[in-house]
There are 2 protein chains.
Amino acid sequence: MKVLSNASNYGLRALLYIVSRRGRGETYISLGEISEELDISFHFLTKTMQLLTQGEILVSYRGPNGGIALKRPAEEIMLIEVVKILEGEDFFDTCMLGLEGCDDCNPCPVHHLWREIKGKVKHDFETTSLAMMGKRINEKNLRLIP
Amino acid sequence: MKVLSNASNYGLRALLYIVSRRGRGETYISLGEISEELDISFHFLTKTMQLLTQGEILVSYRGPNGGIALKRPAEEIMLIEVVKILEGEDFFDTCMLGLEGCDDCNPCPVHHLWREIKGKVKHDFETTSLAMMGKRINEKNLRLIP
DNA sequence: CATATTTAAGACTATTTTATCTTTATATAT
DNA sequence: ATATATAAAGATAAAATAGTCTTAAATATG
Ligand code: SF4
Ligand code: SF4
């Protein structure tokens, strides 16, 4: 059961890497460092992070000592915003049986199940900020690599 | 957010079509009828249903008036069995961030969220039988097509 | 037996996702 | 100025998923 694409996985892990390493003094973190630390293909990661830069999550700076950094406070960036950029705005419009053009009034046989599941995922993503995750990672010493 | 492949979607919809139309007298329902009624590619559906036949969910019969039928009572077939055949036995072993080799003791930053979500999906699939769905479909007149 | 109907099997094509490689643009440092 | 480090952009390749087409095997019927 895969709910996120690899691109999203990489993007989220990279952001979590950044927020969990804040305060070490660096302003920009290079994509080379992230791809190496997290063992993610450099070029693929680059493309993914470009989307987040275009999506106003990150700012980037070229040249020596350049890299990427959060554009806004980590407290203000909810996971849902990241996911919507990487997966598309319609991420939560998809359906369990792949049907279309339906709502609570015109449900398919699994709508009641799907509604709850999708609701929980959406709620989780809406209420979790990068700051919360960063704190959690450091406090519990959680891993970002296999 | 897509949790099931197209093959699973088609397979489930076909099974639901069968159980919601039981008792009309036919023993076997042809793949041609199903693919037409549900607007699913005939050949693709055929391949999918072959997996379910091999997986002891269906029996098939060739020749005129042939088709497929449930091998066991609809009460005994839980959705999880179907999904595991079509998606693989490891369907519930995948992870939110795509990491591997982890469990409750070695969690990644989103493990607590993922655990709950995956648990609910698994529980839903484990406790829902084809018979329950068939009854539901007929009682509430639910649709299987877009 | 001959023919029509239906599933089984597998080759083939198309699309999407994932990954790699190459080139370009921009900034820094010497 | 020149060399170096870095992100941006885009071309190309590989792999996974989805879909189509062809042929074979089994069965029923006349
Ligand atoms: S009825 Fe609900 S679960 Fe089914 S396809 Fe529509 S929105 Fe999705
Ligand atoms: S820690 Fe949990 S959610 Fe994270 S990758 Fe492992 S099993 Fe999946």
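Because only heavy atoms are used, hydrogens play no part in the values below, and waters and symmetry mates are left out as well, while side chains stay in. First the proteins, then the strands, lettered A, B, ... as listed; each starts at 1. On a predicted model such as this, the values are computed, not experimentally measured, just so you know.
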Along nucleotides 21-30 of chain C, 5' to 3', which nucleotides get a B, which get an S, and which get a -, given that the test is a protein heavy-atom distance under 4.0 Å?
BB--BBBB--
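Of all the heavy atoms in R143(A) and P109(B), the pair that sits closest is O-CD, 3.1 Å. Residues S20(A) and I137(A) come closest through the heavy atom pair CB-CG2, 3.8 Å.
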side-chain contact (heavy atoms from CB on, under 4.5 Å) evaluation trace for F42(B) with L31(B):
CA-CA 7 Å; F42(B) 172 77; L31(B) 291 170; 3.8 Å; yes
One pair to check against side-chain contact (heavy atoms from CB on, under 4.5 Å): I117(B) and D124(A). What are the steps and the verdict?
CA-CA 10 Å; I117(B) 294 163; D124(A) 285 347; 3.7 Å; yes
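Per the geometry, CD belonging to E33(B) stands 16 Å off P belonging to dT5(C), to the nearest Å. Rounded to an integer number of Å, the gap from CD1 of I40(B) to P of dA18(D) is 13 Å. Between the CG atom of N6(B) and the P atom of dT17(C) there is a distance of 11 Å, given to the nearest Å. Distance CD1 (I29(A)) to P (dT6(D)): 13 Å, rounded to an integer number of Å. Between Y10(B) atom OH and dA18(D) atom C1' there is a gap of 8 Å when expressed in whole angstrom units. Remark: C1' of dT7(C) and CD1 of I68(B) are 10 Å apart, rounded to the nearest angstrom. The distance between atom CZ of F42(B) and atom P of dT6(C), rounded to the nearest whole Å, is 9 Å. Separating the NZ atom of K2(B) from the P atom of dT16(C) is a distance of 11 Å, rounded to the nearest angstrom.
Evaluation of atom-type donor-acceptor distances gives a pair under 3.5 Å for the side chain of K47(B) against the base of dG19(D).
Checked against side-chain contact (heavy atoms from CB on, under 4.5 Å), K140(B) has the following partners two or more places apart in sequence or in another chain: R136(B), L142(B). Under the salt bridge (Lys or Arg N to Asp or Glu O under 4.0 Å) criterion, E37(A) pairs with no residue, sequence neighbours left out.
Between Q50(B) and dT7(C) there is no side-chain N or O to OP1 or OP2 distance below 4.0 Å. In terms of phosphate contacts, S60(A) brings no side-chain nitrogen or oxygen within less than 4.0 Å of OP1 or OP2 of dT6(D).
Residues from residues 80-95 of chain B that place a heavy atom under 4.0 Å from any atom of DNA chain C: there are none.
Taking every side-chain heavy atom of S41(A) into account, dT20(C) is the closest of dG19(D), dT20(C), dT7(C). Of all nucleotides listed (dA9(D), dA8(D), dA7(D)), dA8(D) comes nearest to the side chain of T53(A). Residue S5(B) has its side chain nearest to dA18(D) when only dT20(C), dT7(C), dA18(D) are considered.
For the pairing with L58(B), the side-chain contact (heavy atoms from CB on, under 4.5 Å) check across L15(B), I77(B), L51(B) returns one residue only, L15(B).
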Below 3.5 Å, can you tabulate the donor-acceptor pairs from side chains in residues 78-103 of chain B to any protein atom, sequence neighbours excluded?
| unit_1 | atom_1 | unit_2 | atom_2 | d |
| --- | --- | --- | --- | --- |
| E81(B) | OE1 | R72(B) | NH2 | 2.9 |
| E81(B) | OE2 | R72(B) | NH1 | 3.0 |
| E81(B) | OE2 | R72(B) | NH2 | 3.4 |
| E87(B) | OE2 | S5(B) | N | 2.8 |
| E87(B) | OE2 | S5(B) | OG | 2.9 |
| E87(B) | OE2 | S8(B) | OG | 2.5 |
| T94(B) | OG1 | M1(A) | N | 3.0 |
| T94(B) | OG1 | M1(A) | O | 2.4 |
| D103(B) | OD1 | C105(B) | N | 2.8 |
| D103(B) | OD1 | N106(B) | N | 3.1 |

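Applying the side chain to side chain donor-acceptor pair (under 3.5 Å) test to pairs two or more places apart or on separate chains, those with a residue in residues 47-69 of chain B are E56(B)-K71(B).
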